[in-house]
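Protein chains get the first letters and strands the later ones, always in sequence-line order, with residue 1 at the start of each.
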2 protein chains.
Amino acid sequence: MEERYPIRQIFPGLEEGLYEELEQYADIKEIPAGTQMLRKGQTIRSTMLVLDGIVKLYQDDEEGNEFFMYDIEPGEACAVSMVCTYRQENSQVVAKALTDVVVLNIPIQYMDEWLGKYKSWHYFVIRTWRARYDELLRTINDIAFRNMDERLLSYIEKQVEKMGRQVKLTHQEIATDLNSSREVISRLMKKMEKNGWLISHRNSFEWTKP
Amino acid sequence: MEERYPIRQIFPGLEEGLYEELEQYADIKEIPAGTQMLRKGQTIRSTMLVLDGIVKLYQDDEEGNEFFMYDIEPGEACAVSMVCTYRQENSQVVAKALTDVVVLNIPIQYMDEWLGKYKSWHYFVIRTWRARYDELLRTINDIAFRNMDERLLSYIEKQVEKMGRQVKLTHQEIATDLNSSREVISRLMKKMEKNGWLISHRNSFEWTKP
DNA sequence: GCCCATCAGTGATCTTGGTCACATAACAGC
DNA sequence: GCTGTTATGTGACCAAGATCACTGATGGGC
């Protein structure tokens, strides 16, 4: 099983003893695309490291609003599952498998034990934490200070950085992620197209802005 | 010096050895009200535990916009100084002493060393992270999904919970914290007053909503 | 090639909240 | 008390973005 997902490559720089414990005590789970992996409010009994696929984290509320936070990719861990207790009656954080996903499941007691035992694990956890905290700060900054056109721009640039210049997202999907509406995104993207920033196709577009 | 700020009371539940190390290696700093204690982008060389006073954390950008994140009170630590690297050319996180503040300054190497050495420290750090991360999630939820009236309500309720029913804030200060404008806050608070939720005075108001 | 479903484009209108321009009001110092 | 300063109240107007109501495109299945 393990050899199909080379932990040492996906999570480089950890201590040898830690790799061995990971192989021994963590188990691999395969999760089909579309599965909801985490619904906040449920008690977290384990931490996940992503080996393959993309996990999308977003907030939603009872009125059907959604708001994209960030993606977790191979080599990254879910900070929320590490530390989060957030729960509000009318809103929650949701993790959803965007593609088929393979995760390494770590029971919470090892997660704690290793913090004292392996420096590299400790730094990995801190690093993960940092990255996610920073990402949230950036998000707050965006929605507090920036208008839709700027937010859309930085959203697209984030996508391009991850997935390449061919972005296969519909206007509706983008609107949902930004908690906006399709029409607004359509209009803004039309403008961007007129500026020569993109070439649009049916279910996707090509980002041509340098 | 130490005896004026009883660490054992302000930060209860830590291990005896840890208290002793804290007394030995951490030093107390007194900071006058209004001081800017942290400007993101500068490298963090130490962590702060707040012994007395209130530290306010907010984001700002180059256009003079501000956005309140949360307060740090005695018995709490600054998660940002623990983990944050956030830096964007046009925006930053600022920590400012709202009152005269006394902090315990912990050089970063002890902070790390203790994580392996004292279980109680480890849990304290995790707890701090959790609280701050949750707070940010809640904030995102607010600005993404809620209108100004709801945001104002939850802002006031947060203040009341901390400072009591006599809230000494001007409309302008509230507007700045919420990145709104004074007129909007004035109007909304007038409405609240008509609902019998508050009694307003010149530089303050009394929250009477049950 | 026709039908249907999905996706995209666009004008009209509405709502929220920001901005402007004042009018009061309250207090502080003299 | 008078005066200047700061805080608040309010109407008029503006702008961004949401919503509504459509019209076209595009493509897949049969």
Let me see the working for A:Arg151 and A:Leu188 under side chain to side chain contact (heavy atoms under 4.5 Å, CB included), right down to the final yes or no. CA-CA 11 Å; A:Arg151 289 178 53 205; A:Leu188 289 174; over 6 Å; no

Apply ring pair (Phe, Tyr, Trp, His ring centres under 6.0 Å) to A:Trp129 and B:Tyr133, showing your working. CA-CA 9 Å; A:Trp129 183 253; B:Tyr133 197 87; 4.9 Å; yes

Filtered N/O pairs between nucleotides 26-30 of chain D and protein, under 3.5 Å:
unit_1: D:dT26; atom_1: O2; unit_2: A:Arg202; atom_2: NH1; d: 3.1
unit_1: D:dT26; atom_1: O2; unit_2: A:Arg202; atom_2: NH2; d: 3.4

Nucleotides 17-20 of chain D: which of its N/O atoms have a protein N/O under 3.5 Å away?
unit_1: D:dG17; atom_1: OP1; unit_2: A:Met148; atom_2: N; d: 2.5
unit_1: D:dA18; atom_1: OP2; unit_2: A:Ser180; atom_2: OG; d: 2.7
unit_1: D:dT19; atom_1: O4; unit_2: A:Arg187; atom_2: NH2; d: 2.8
unit_1: D:dC20; atom_1: N4; unit_2: A:Glu183; atom_2: OE2; d: 3.1

So, using side-chain contact (heavy atoms from CB on, under 4.5 Å) as the criterion, who are the partners of B:Pro12 when residues are at least two apart? none

A:Thr176: side-chain hydrogen bond (donor to acceptor under 3.5 Å, both in side chains) partners, not counting sequence neighbours: A:Gln172

Please state how far atom CD1 in B:Ile185 lies from atom P in D:dT8, giving the value in whole angstrom units. 11 Å

Bend angle of the helix from C:dG1-D:dC30 to C:dC30-D:dG1, from helix axes over five pairs at each end, nearest 10°: 30°

Reading DNA chain C 5' to 3', which nucleotide is the first, and which the last, to come under 4.0 Å of any heavy atom in chain A? C:dT6 to C:dA12

Just jot down the side-chain contact (heavy atoms from CB on, under 4.5 Å) partners of B:Ser154, sequence neighbours excluded, or say none. B:Asp142

Taking only residues at least two apart or on different chains, which pairs with a member in residues 49-59 of chain B satisfy salt bridge (Lys or Arg N to Asp or Glu O under 4.0 Å)? B:Lys56-B:Asp177

How would you list, by chain and number, every residue that makes a side-chain hydrogen bond (donor to acceptor under 3.5 Å, both in side chains) with A:Asp149, sequence neighbours excluded? none

Value in whole Å for how far the P atom of D:dT8 lies from NZ of B:Lys191: 18 Å

Nearest non-hydrogen partners of B:Ser120 and B:Gly13, listed with the distance: CB-O, 3.9 Å

Is the A:Trp207 ring parallel, tilted or perpendicular to the A:Trp197 ring (thresholds 30°, 60°)? perpendicular

Provide, to the nearest angstrom, the distance between the CE atom belonging to B:Met192 and the P atom belonging to D:dG9. 13 Å

Scan residues 186-199 of chain A for pairs that pass salt bridge (Lys or Arg N to Asp or Glu O under 4.0 Å), counting only residues two or more places apart or in two chains. A:Lys190-A:Glu193

Can you say whether the rings of B:Tyr110 and B:Tyr25 are parallel (under 30°), tilted (30 to 60°) or perpendicular (over 60°)? parallel

Restricting to side-chain hydrogen bond (donor to acceptor under 3.5 Å, both in side chains), what partner residues turn up for A:Thr139, sequence neighbours left out? none

Taking ring pair (Phe, Tyr, Trp, His ring centres under 6.0 Å) as the test, write out the residues that go with A:Phe11, two or more places apart. A:Phe124

